[in-house]
Amino acid sequence: MTLSLFDDEESRRTWQEPLCEGAVVLRGFALDDETRILAALKKILAQSPLRHMVTPGGFRMSVAMSNCGTYGWVTDRSAYRYDRIDPENGNAWPAMPGFFAELAQKAAAQAGFKDFMPDACLINRYEVGARMSLHQDKNERDFTQPIVSVSLGIPAVFLFGGMQRADKAMRVPLAHGDVVVWGGPARLRYHGVSALKPASHSLLGECRINLTFRKVS
Ligand code: MD3
Ligand code: FE
């Protein structure tokens, strides 16, 4: 008789780790798609290249960004907002590949959020030293919709705080292929990313890419 500990294809590489109510880490969930994801990103970023945006406070973000999907997250000296148009080239953002939306939907379903249909995918590129300070994501219309994030490349320490900026933050290491679903009571918690430590990834080199899927409208 053969012991079959891993009957289900998914459980072979994925490990589910609840962080708190509404937040679940799916370790390695995107690994099977890494090649397709990187190929698709190459095309998307050829149309709408990564750029360092400036915040309303006048700071140049250390994270370089682009988007795909109907809406893209942008910031400039006047505001943070979602826009259908890439302000750098005046065109619509590149379409979100069907398998991106499916991956995000599958992850959300696994975390208990049915029928997640993202219309925005923010692409964040962190080079060594880049960071994202604590903030809330609140430019979306419907906070009952979860957010799905896909980490690629070198590891990062994700900071998961509370409902107040000053609340103590949990430190969650995120590696290549990890997917996190944030919804329910976790949806409006403060979060950020610690300054990236030097490291190298076989496919991405000395950088981390994070894809953040949202339902904006
Ligand atoms: C927890 N990006 O783009 S994604 C962002 O790794 C952002 O690039 C980070 O925060 C990154 O806004 C983290 C994970 C994430 C996204 C939204 C959240 C975590 C969240 C909303 C509520 C709580
Ligand atoms: Fe965020």
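Atoms within each ligand, like the ligands themselves, are counted from 1 in listed order. Values in this document were obtained by computation on a predicted structure and should not be read as measured data.
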- Per-atom filter on ligand 1: closer than 4.0 angstrom to a heavy atom of Asp137 are 12 (O), 16 (C), 17 (C)
- Query: Is there a heavy atom in Trp73 that sits closer than 4.0 Å to ligand 1?
  - Reply: no
- Lys NZ or Arg CZ of Arg131 over Tyr126 ring: under 6.0 Å, within 45°: no
- With atoms numbered from 1 as shown, which atoms in ligand 1 lie under 4.0 angstrom from a non-hydrogen atom of Asn210? 4 (S), 6 (O), 8 (O), 11 (C)
- Considering the heavy atoms of Arg189, write down every atom of ligand 1 situated less than 4.0 Å from one of them. 22 (C), 23 (C)
- Message: I'd like to know if the side chain of Asn89 reaches the main chain of Gln47, judged simply by a donor and an acceptor atom lying under 3.5 Å from each other, with no hydrogens or angles considered.
- Response: yes
- Taking only heavy atoms of Met132, which atoms of ligand 1 are found under 4.0 Å from at least one of them? 2 (N), 5 (C), 7 (C), 10 (O)
- Can you find an N or O of Arg187 that's nearer than 3.5 Å to an N or O of ligand 1? no
- Query: With a distance cut-off below 6.0 Å to the six-membered ring centre and an angular limit of 45° from the axis, does Arg189 pair with Phe160 as a cation-pi contact?
  - Reply: yes
- Query: Does Trp182 reach ligand 1 with a nitrogen or oxygen that is under 3.5 Å from one of the ligand's nitrogen or oxygen atoms?
  - Reply: no
- Message: Can you classify the ring geometry of Phe158 versus Trp182 as parallel (below 30°), tilted (30 to 60°) or perpendicular (above 60°)?
- Response: tilted
- Query: Would one find more than 12 heavy atoms of other residues, nucleotides or ligands at under 6.0 Å from atom CZ of Phe59?
  - Reply: no
